[in-house]
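Chain identifiers are assigned alphabetically (A, B, ...) following the order of the sequence lines, protein sequences preceding nucleic acid strands; residue numbering begins at 1 within each chain.
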Amino acid sequence: MSGFPFVTNKGELSLHVGTIKILTKSLSPLPEKFHGITDKELRYRQRYLDLIMNADVRRTFHMRSKVISLTRRFFEDKGFLEVETPMMHPIAGGANAKPFVTHHNALSIDRYLRIAPELYLKRLIVGGFEAVFEINRNFRNEGMDATHNPEFTSIEFYWAYKTYKDLIEITKDYFAYLFEHLDLPTVLPYGDIEVDYSQFTEIPLIESLTTIGGVPADIAVDKEKIIAYLKAAHVDVNVAMNLGQLQGELFDEYVEEKLINPTFITMYPVEISPLARRNDENPELTDRFELFIAGREIANAFSELNDPLDQKERFEGQMAAKECGGDDEAHEMDADFINALSYGMAPTAGQGIGMDRLVMLLTNEHSIRDVLLFPAMKPLPTECQADEETEEK
RNA sequence: GUCCCGUUAGCUCAGCUGGUAGAGCAUCUCACUUUUAAUGAGGAUGCCGAUGGUUCGAAUCCAUCACGGGACACCA
């Protein structure tokens with residue numbers, strides 16, 4: 001609109017409007033200004049309204065954008081090359097998870113939405129790119145809750161001629177870099193707790209079972225004793241599990257939630273680390289760590305298994321688990337990946353970080369839906385669908 | 001998948017032990033022109049989530065379903 005300013009009889013500076021132009025139709029009224037919208041379902045389904053009404057929601061997504069941008073810059077500055085690998089895979093590999101299935105009509109074959117980019121990124125290491133990363137979506141056909149959305153964003157990066165120990169260092173650097181550029185204090189609240197991001201500690205998994213989890217040392221390394229221990233505590237336990245899997249159970253049950261300040265849990269059993277390199281001194285363990293913050297896993301990293309024969313055996317072990325143990329989320333055999341390794345993959349360390357969960361920590365949000373602009377929601381029934389249903393009945 | 005809770009006007013909510021729907025804000029009209037959510041007066045607004053049942057009568061009671069939230073389970 002345009003016009004000229006004037007002062008009213010009561011002294012109020014005003015604009016005398018000469019012309020006015022409507023820019024757009026606005027048919028629906030906005031929610032009330034004072035209370036805004038608080039109904040979570042409405043906020044998620046109509047995020048546009050949520051963004052109009054709630055400044056703190058806008059702040060959260062600005063923060064998310066900055067985190068992604070800084071992450072990209074951090075790795076580029078270290079010489080990493082950003083790449084894009086397929087989202088539709090012929091074999092769902094690189095993680096233990098149920099995939100979404102889709103169909104390619106022209107080729108007449110099923111495809112899986114990727115559950116992880118890992119095996120493709122490692123092929124690129126074979127191809128001679130010595131430091132690569134990808135920030136993108138993964139899809140997992142599993143339950144949804146406060147920390148799981150069917151599609152989520154992760155960064156995975158692979159670094160040739162490095163080990164998991166180098167990854168611990170770069171992870172610390174990465175957090176320091178984020179905190180510096182986001183201008184955050186090193187101690188951040190997360191709900192009722194406080195997390196000190198200047199205190200990164202490191203502890204081997206089996207040691208954590210006793211020192212943090214309070215599991216007696218003799219029990220933590222004995223399959224039968226763990227089963228008895230878990231049963232005594234009324235924890236459901238699958239007796240078909242091997243020692244490594246049972247140790248993983250103990251960790252989930254007694255240790256994970258107690259890891260508040262950033263903690264690298266290292267030396268995972270080989271049975272639960274099908275893609276990680278064995279430790280030189282103890283081949284039952286792997287050169288791997290997971291980073292836990294506020295009782296939650298934030299990152300998973302390891303020196304990569306680059307022995308094609310060992311990798312093939314591990315895949316075969318996974319397939320056996322799939323058929324015998326009922327582990328329907330075990331890895332599938334990826335023959336081309338084995339083939340790639342057979343040409344020689346440099347010793348490499350690789351890591352994945354869940355970006356959504358990281359943003360949750362930095363913004364003190366407790367639901368992954370609050371850091372996703374459009375979280376997955378069941379569609380509301382439409383009139384057409386309602387008709388179809390009544391016809392079926 | 002299981003359990004608990006929720007679903008009433010555009011938004012935020014009230015509606016006790018069943019008697020047939022309310023407030024504030026928003027919207028509209030008029031007045032005012034003193035703004036920073038909140039001037040005054042007046043008006044309109046609801047398939048009370050859906051379906052079925054109990055009842056003379058259901059927003060209220062019961063059942064089933066849908067969607068959402070939380071917890072657990074599963075899972076990174």
For atom [atom1], what is the distance between [N] and [M], given to the nearest Å?
| N | M | atom1 | answer |
| --- | --- | --- | --- |
| B:G18 | B:U55 | C1' | 9 Å |
| B:U8 | B:U36 | P | 32 Å |
| B:U60 | B:C47 | P | 16 Å |
| B:U12 | B:U7 | C1' | 14 Å |
| B:C67 | B:A31 | C1' | 45 Å |
| B:A44 | B:C32 | C1' | 23 Å |
| B:C5 | B:A21 | P | 29 Å |
| B:A14 | B:A73 | P | 32 Å |

With no hydrogens and no angle check, just 3.5 Å: does a side-chain donor-acceptor pair link [X] and [Y]?
| X | Y | value |
| --- | --- | --- |
| A:Tyr254 | A:Ser208 | no |
| A:Arg114 | A:Thr85 | yes |
| A:Asn261 | A:Thr263 | no |

What is the distance, rounded to the nearest whole Å, between atom [atom1] of [X] and atom [atom2] of [N]?
| X | N | atom1 | atom2 | value |
| --- | --- | --- | --- | --- |
| A:Ile37 | B:C13 | CD1 | C1' | 16 Å |
| A:Ile52 | B:A26 | CD1 | P | 17 Å |
| A:Arg45 | B:G10 | CZ | P | 17 Å |
| A:Glu253 | B:A73 | CD | C1' | 12 Å |
| A:Lys378 | B:G1 | NZ | C1' | 12 Å |
| A:Gln46 | B:G10 | CD | P | 12 Å |
| A:Arg43 | B:G69 | CZ | P | 11 Å |
| A:Asp145 | B:G68 | CG | P | 14 Å |

For [N], the Watson-Crick or wobble counterpart (both distances under 3.5 Å):
| N | value |
| --- | --- |
| B:G19 | B:C56 |
| B:A9 | none |
| B:A38 | none |
| B:U45 | none |
| B:A71 | B:U2 |
| B:A63 | B:U51 |

Could you tell me whether the phosphate oxygens of [N], OP1 or OP2, come under 4.0 Å of any side-chain nitrogen or oxygen in [X]?
| X | N | result |
| --- | --- | --- |
| A:Lys40 | B:G69 | no |
| A:Arg140 | B:C75 | no |
| A:Arg369 | B:G69 | yes |

Just say parallel, tilted or perpendicular for the rings of [X] and [Y], cut-offs at 30° and 60°.
| X | Y | value |
| --- | --- | --- |
| A:Phe289 | A:Tyr164 | tilted |
| A:Phe100 | A:Phe139 | perpendicular |
| A:Phe337 | A:Phe315 | perpendicular |

Taking any heavy-atom pair under 4.0 Å as a contact, classify [X]: base, sugar-phosphate, or nothing.
| X | answer |
| --- | --- |
| A:Arg296 | nothing |
| A:Leu42 | sugar-phosphate |
| A:Met53 | nothing |

Checklist entry - Between B:C75, B:C11, B:U12, which nucleotide has the shortest distance from any of its atoms to the side chain of A:Thr38? => result B:U12
Checklist entry - If you check every side-chain atom of A:Glu142, which of B:G70, B:C75, B:C11 has the closest atom? => result B:C75
Checklist outcome for this item: In A:Arg123, A:His89, A:Lys312, the residue satisfying side-chain hydrogen bond (donor to acceptor under 3.5 Å, both in side chains) with A:Asp334 is A:Arg123
Checklist entry - More 5' along RNA chain B: A:Glu41 or A:Phe251, using each one's nearest nucleotide? => result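 Closest to the 5' end, via its nearest nucleotide, is A:Glu41.
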